Amino acid sequence: MRHLLSAADLTRDEAVLILDTASELATVTDRSVKKLPTLRGRTVVNLFFEDSTRTRISFEVAAKRLSADVINFAAKGSSVSKGESLKDTALTLEAIGADAVIIRHGASGAPHRLAHAGWIGGSVINAGDGTHEHPTQALLDAFTLRRHLTNGEGDLAGVRVTIVGDVLHSRVARSNVLLLQTLGAHTTVVAPPTLLPVGIESWPCDVSYDIDTALTDADAVMMLRVQGERMRAAFFPSANEYSRAYGLNAERLRTMRPGSIVLHPGPMNRGMEISADVADSDRSVIVEQVANGVSIRMAVLYLLLGGNTKGQGS
Ligand code: CP
């Protein structure tokens, strides 16, 4: 594997290898010296054309824990604001010797373009492209599910996950549905009809408009952020109406199985798709998801770059 562009690119064995490697690397976080020499001398670029807190920081921490040199590039404040193209930005990164480029971009497909246009020789990791995919988020979610629902390193086969909310604009939902299918879990997505994408019937999951029914037999519920910044029209009557019909609150949480868990990729709209008391409850693993993101991103960087010199990955 040379790039990580889509959750669909991962075979079950590759996905499990990333999860198992992340489990091993998680122990580094518990040490007083949180560093391994694995990627010493390698250069990792965080190329972010869209805002991020969790993904950008956790990739930076992950790369630094593996001793890589990290360059943080935000489109705001760079020559992109003067109109520089993705190609010329990529050629610049190639010229400075980037071994891996972690890209977040508003355009679906931008990471694929970067990986396959021949502009750069290193690995490309998709850190979220438009409404398309966010594969490392799906991996960290699977890692979190495994830790809570399977004694740490078990099989997710048969585990039931309900994903609720703005599926239409969610790259997290698509990557999760694809990866969970690869890992043998059963997924149901729940949304109002206006927030489901065209073609949802071809996704490998069940689809429902009824959150209450879909929660009753779920081992985990993943709440999605309502992505107001991507909405050019009214997709629901009001925030209150949305929250009443599709929000996770304490009353709904009580109807779920004992031991079931609550995930959210962040950032959260507290009081809209999730109530503050649920977000902060002992069933919520939302903060842990962020910590697990560091282990997963260490594993991805380690497996893509560890031991390979630039351009020699398979
Ligand atoms: N989950 C996620 O992608 O969060 P950020 O936008 O903060 O990176």
Side-chain angles (χ1 to χ4, degrees), residues 4-7 18-19 22 44-65 70-76 100-111 124-145 147 161 163-180 187 189 195 220-231 248 261-270 272-274 278-280 284-301:
L4 178 57
L5 304 176
S6 163
I18 294 171
L19 298 175
V44 171
V45 177
N46 265 329
L47 178 61
F48 277 61
F49 292 86
E50 272 193 346
D51 295 341
S52 168
T53 298
R54 282 146 284 269
T55 311
R56 195 193 61 72
I57 289 174
S58 61
F59 264 117
E60 180 175 354
V61 170
K64 285 180 171 169
R65 285 200 181 151
V70 181
I71 297 169
N72 287 312
F73 175 106
K76 285 173 206 157
V101 177
I102 297 153
I103 177 171
R104 169 168 288 193
H105 202 287
S108 300
V124 175
I125 301 172
N126 182 357
D129 60 328
T131 58
H132 180 228
E133 282 229 36
H134 195 350
T136 59
Q137 178 70 44
L139 284 161
L140 77 87
D141 291 337
F143 185 84
T144 306
L145 292 169
R147 289 208 145 182
V161 181
I163 301 177
V164 184
D166 183 0
V167 181
L168 178 66
H169 300 106
S170 179
R171 51 201 178 203
V172 173
R174 188 190 309 273
S175 288
N176 262 289
V177 167
L178 293 169
L179 183 65
L180 289 168
T187 311
V189 299
L195 288 177
V221 59
M222 190 178 295
M223 301 307 297
L224 300 174
R225 183 171 70 87
V226 175
Q227 299 194 32
E229 77 278 14
R230 297 192 203 277
M231 293 182 182
L248 184 63
I261 55 171
V262 177
L263 297 92
H264 191 305
M268 289 183 274
N269 296 310
R270 285 173 179 255
M272 191 159 183
E273 70 266 1
I274 189 167
V278 170
D280 298 331
S284 164
V285 295
I286 295 167
V287 175
E288 190 190 320
Q289 283 174 268
V290 180
N292 292 342
V294 175
S295 305
I296 281 291
R297 287 160 181 143
M298 285 175 77
V300 168
L301 289 168

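Indexing begins at 1, ligand by ligand and atom by atom, following the structure's order. If you're wondering where the values come from, they're calculated on a predicted model, not measured in any experiment.
Contacts of ligand 1 (protein heavy-atom distance under 4.0 Å) are S52, T53, R54, T55, R104, H134, Q137, P265, G266.
In this structure, S108 contributes its side chain and T131 its backbone to a donor-acceptor pair below 3.5 Å.
A cation-pi arrangement is found for R297 relative to F59, the charged atom lying closer than 6.0 Å to the ring centre and inside a 45° cone about the ring normal.
Remark: D51 engages K76 in a salt bridge, criterion side-chain N to carboxylate O under 4.0 Å.
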Side chains of residues 220-228: which donor-acceptor pairs under 3.5 Å do they make with residues two or more places apart or in other chains?
{"unit_1": "R225", "atom_1": "NH1", "unit_2": "E229", "atom_2": "OE1", "d": "3.1"}
{"unit_1": "R225", "atom_1": "NH2", "unit_2": "E229", "atom_2": "OE2", "d": "2.7"}
{"unit_1": "Q227", "atom_1": "OE1", "unit_2": "R230", "atom_2": "NE", "d": "2.6"}
{"unit_1": "Q227", "atom_1": "NE2", "unit_2": "H169", "atom_2": "O", "d": "3.0"}

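Under the rule for a salt bridge (Lys or Arg N to Asp or Glu O under 4.0 Å), R54 has no partner lying at least two apart in sequence or in another chain. Residues satisfying the ring pair (Phe, Tyr, Trp, His ring centres under 6.0 Å) test with F49, not counting sequence neighbours, are H105.
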